[in-house]
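Heads up, the thing below is written out as structure tokens.
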Amino acid sequence: MNTLDAPAPVRRRLSAPRHRRAALAAGLAAALLGTLGNAPAPRTQTTQPSVATCPADLLGKATCYTGQDSNGAYYAMAVPTHWNGSLVVHAHGGPDLGDSSDPSRSTDDLGRWAVMVEEGYAWAGSSYRRGGYGTRMAAADTENVRRLFVSEFGKPKRTYVHGQSWGGDVAAKVAETYGRQPGAYDGALLTSGVLGGGSRGYDYRVDLRVVYQYYCHNHPRPSEPQYPLWEGLRADSTMTSAGLRARLQECTGFASAPAERTALQQRNLDDILAVTRIPERSLESHLRFATFTFRDIVSTRLGGRNPFSNRGVRYSGSHDDKALNAGVERFSADPTARRDLSYDSDLTGKVSIPVLTLHAIDDPTAFVEHEAAYRATLQGAGRGGNLVQTFTTETEHSALSDSEYANSIAALDTWVRHGRKPSPRSVAASCAAFDRTYGGGCFYAPTFRPASYASRIRPRPGGLAWPAMTAAQERAWSRIDGVGIAP
């Protein structure tokens, strides 16, 4: 999908700056597209996009572009043949854990979100300048790809930021940080969003990490070098995802049929799931995050400081809660590490643009209670009127119906253009028209309202009030030299 072809560049339909399109193809194409799957390409000196082959669903419907910005972030763009004049700026999920920007991430996401382009919206998405955690970095790279689009194609009629999964947190950060700039963003669409922020949004994975080790004793094994579990994994470990999966299987038999598990494996699995409230089908992915992404956050981003705590948490649901609470590893966060993670990824709720969310009720990865946290965050900031939340009866994290995605961006666009705030019921009612085109189904539950975040994720002492970071805290922390996570 990244090989160059010969379609003519799309005609610019809005006023655009007068500048060149020379010095593009050869050097940028070789750097960008000839290295997929190989060593990272060297940084290019230009930020101009180069024409590229569109994903299969967009062939003949759009002109697509790729490039690399001055920070090293690869990006992809698409302008539909019948452009409605508006732009969707996409923030991808993850975070990916590679050292550098992955050129395939933005192009893959363009294919995945082709429905936006099919609906007439131009699309732009960044792969971010590096892998690893960094919400503000990702938000800056998302804003940068918007500016690159404007410099190349002119200012859109309207611009919407869309975030998926962790990208929902990134897009929400974009809305708070850049949404106040006149004309930058007109609305935000957050789908399957991890909206609890970093300082609280991973507490259930902290709990998984310690509860797993209490029952399994193999991560690390007694014979291996020991380390505090808040590190996720020691910095010099060579463990792979396959190796972690093998240890999870050894302890719980999670990949085996129930009849093939030993009695101890079944009891371990039952206890871990009951205590952490994590669905069995997503247990492995959550443990990967609590292992490899925690290592990235702690060892690489925070210099070995601990941002996590489980002090004061009482675990329940096991066959012996007293023994579990007496034996599970306990720790308290380093205040500066928690501050830096909070500053980087927590949300203040200070948004001044319309925000529409879409979330599956049975999302096994970003629990639907993240939406309750986000609602409380905006309400705590006095901005609840800017939010409409919609929910579906689907059971997936990042693969909802194309009909619903098309319907969601249309509902947000109508809200922005006409100033009439939709309701969950009106959004649900408008989906059928899109389903006649995309046939993915409409599964809205317009009366659903998620329970509080604390009903699913065990709160830490003092962790019930939202927002997790107030606007005043954000301002104060921003004055501290080196605060947050470095890009």
Side-chain angles (χ1 to χ4, degrees), residues 37 93-99 102 131-133 165-166 194 202-301 304 306 308 310 315 317-320 323-324 327-329 331 363-367 395-399:
D96 302 329
L97 295 181
D99 292 334
D102 178 3
Y133 205 84
S165 189
W166 176 60
V194 179
Y202 306 128
D203 281 346
Y204 62 100
R205 287 166 170 158
V206 173
D207 295 339
L208 171 61
R209 189 67 184 84
V210 299
V211 170
Y212 175 88
Q213 182 64 4
Y214 171 79
Y215 288 112
C216 298
H217 308 290
N218 67 2
H219 186 23
R221 300 184 191 281
S223 59
E224 295 175 327
Q226 302 298 293
Y227 54 89
L229 297 180
W230 48 261
E231 289 185 1
L233 186 65
R234 72 179 197 274
D236 60 349
S237 173
T238 58
M239 179 186 285
T240 63
S241 294
L244 179 63
R245 178 182 175 85
R247 296 188 188 210
L248 178 59
Q249 172 67 11
E250 170 192 294
C251 176
T252 68
F254 82 107
S256 301
E260 297 173 355
R261 296 170 187 153
T262 68
L264 180 57
Q265 284 177 328
Q266 187 64 61
R267 193 178 75 172
N268 287 341
L269 182 60
D270 289 344
D271 279 342
I272 291 168
L273 297 178
V275 173
T276 63
R277 303 163 182 167
I278 289 174
E280 183 174 345
R281 62 195 173 109
S282 59
L283 177 61
E284 182 188 4
S285 65
H286 286 296
L287 188 59
R288 280 200 310 268
F289 193 104
T291 298
F292 301 109
T293 306
F294 275 17
R295 176 171 66 176
D296 175 75
I297 292 172
V298 170
S299 298
T300 307
R301 310 302 159 199
N306 171 28
F308 304 123
N310 68 338
Y315 298 107
S318 73
H319 77 278
D320 188 343
L324 170 63
V328 75
E329 184 173 320
F331 40 79
D363 187 325
T365 300
F367 302 149
T395 61
E396 298 303 321
H397 169 56
S398 294

Verify side chain to side chain contact (heavy atoms under 4.5 Å, CB included) between Thr276 and Tyr212, making sure each step is shown before the conclusion.
CA-CA 9 Å; Thr276 63; Tyr212 175 88; over 6 Å; no

Only counting residues at least two apart or in another chain, list the ones meeting ring pair (Phe, Tyr, Trp, His ring centres under 6.0 Å) with Tyr204.
His286, Phe367

Determine the minimum heavy-atom distance between [X] and [Y], stating which atoms define it.
X	Y	value
Asp296	Tyr133	OD2-N, 2.7 Å
Gly93	Ser165	CA-CB, 4.3 Å
Leu273	Leu283	CD2-CD2, 4.2 Å
Thr293	Pro95	CG2-CG, 4.3 Å
Ala366	Val194	CB-CG2, 3.9 Å
Ser241	Arg288	OG-CD, 3.7 Å

Return yes if some donor-acceptor pair links the side-chain N/O of Asn310 with the main-chain N/O of Glu329 below 3.5 Å, else return no.
yes

Under 3.5 Å donor-acceptor, Gln265 side chain and Gln249 backbone
yes

Please report the interatomic distance [atom1]([X]) to [atom2]([Y]), rounded to the nearest 0.5 Å.
X	Y	atom1	atom2	answer
Leu97	Ile297	CG	CD1	9.0 Å
Ile278	Leu208	CD1	CG	4.0 Å
Leu244	Thr291	CG	OG1	4.5 Å

Sequence-distant partners of [X], side chain to side chain donor-acceptor pair (under 3.5 Å), two or more places apart:
X	result
Ser237	none
Ser285	none
Tyr214	none
Asn306	none

Set of residues satisfying side chain to side chain contact (heavy atoms under 4.5 Å, CB included) with respect to [X], sequence neighbours excluded:
X	answer
Ala274	none
Asp203	Arg200, Ile457, Arg460
Arg281	Pro279, Asp362, Pro364, Thr395, Glu396

Show me, pair by pair, the donor-acceptor contacts under 3.5 angstrom made by side chains of residues 227-235, not counting sequence neighbours?
{"unit_1": "Tyr227", "atom_1": "OH", "unit_2": "Arg209", "atom_2": "NH2", "d": "3.1"}
{"unit_1": "Arg234", "atom_1": "NE", "unit_2": "Asp236", "atom_2": "OD1", "d": "2.8"}

Going by disulfide bond (SG atoms under 2.5 Å apart), name the pairs with one or both residues in residues 203-290, residues two or more places apart or in two chains.
Cys216-Cys251

Pairs satisfying salt bridge (Lys or Arg N to Asp or Glu O under 4.0 Å), at least one member in residues 258-275, at least two apart
Arg261-Glu280

For residues 217-229, which residue pairs pass the salt bridge (Lys or Arg N to Asp or Glu O under 4.0 Å) check, not counting sequence neighbours?
Arg221-Glu250, Glu224-Arg247

Classify the ring geometry of His319 against Tyr215: parallel below 30°, tilted from 30° to 60°, perpendicular beyond 60°.
tilted

Parallel, tilted or perpendicular for Phe294 and Phe289, by the 30°/60° rule?
perpendicular

Which of Asn218, Asn268, Leu287 passes side-chain contact (heavy atoms from CB on, under 4.5 Å) with Leu248? It is Leu287

When you look at Thr300 and Arg295, which way does the side chain to side chain contact (heavy atoms under 4.5 Å, CB included) test go after all the steps?
CA-CA 7 Å; Thr300 307; Arg295 176 171 66 176; 5.7 Å; no

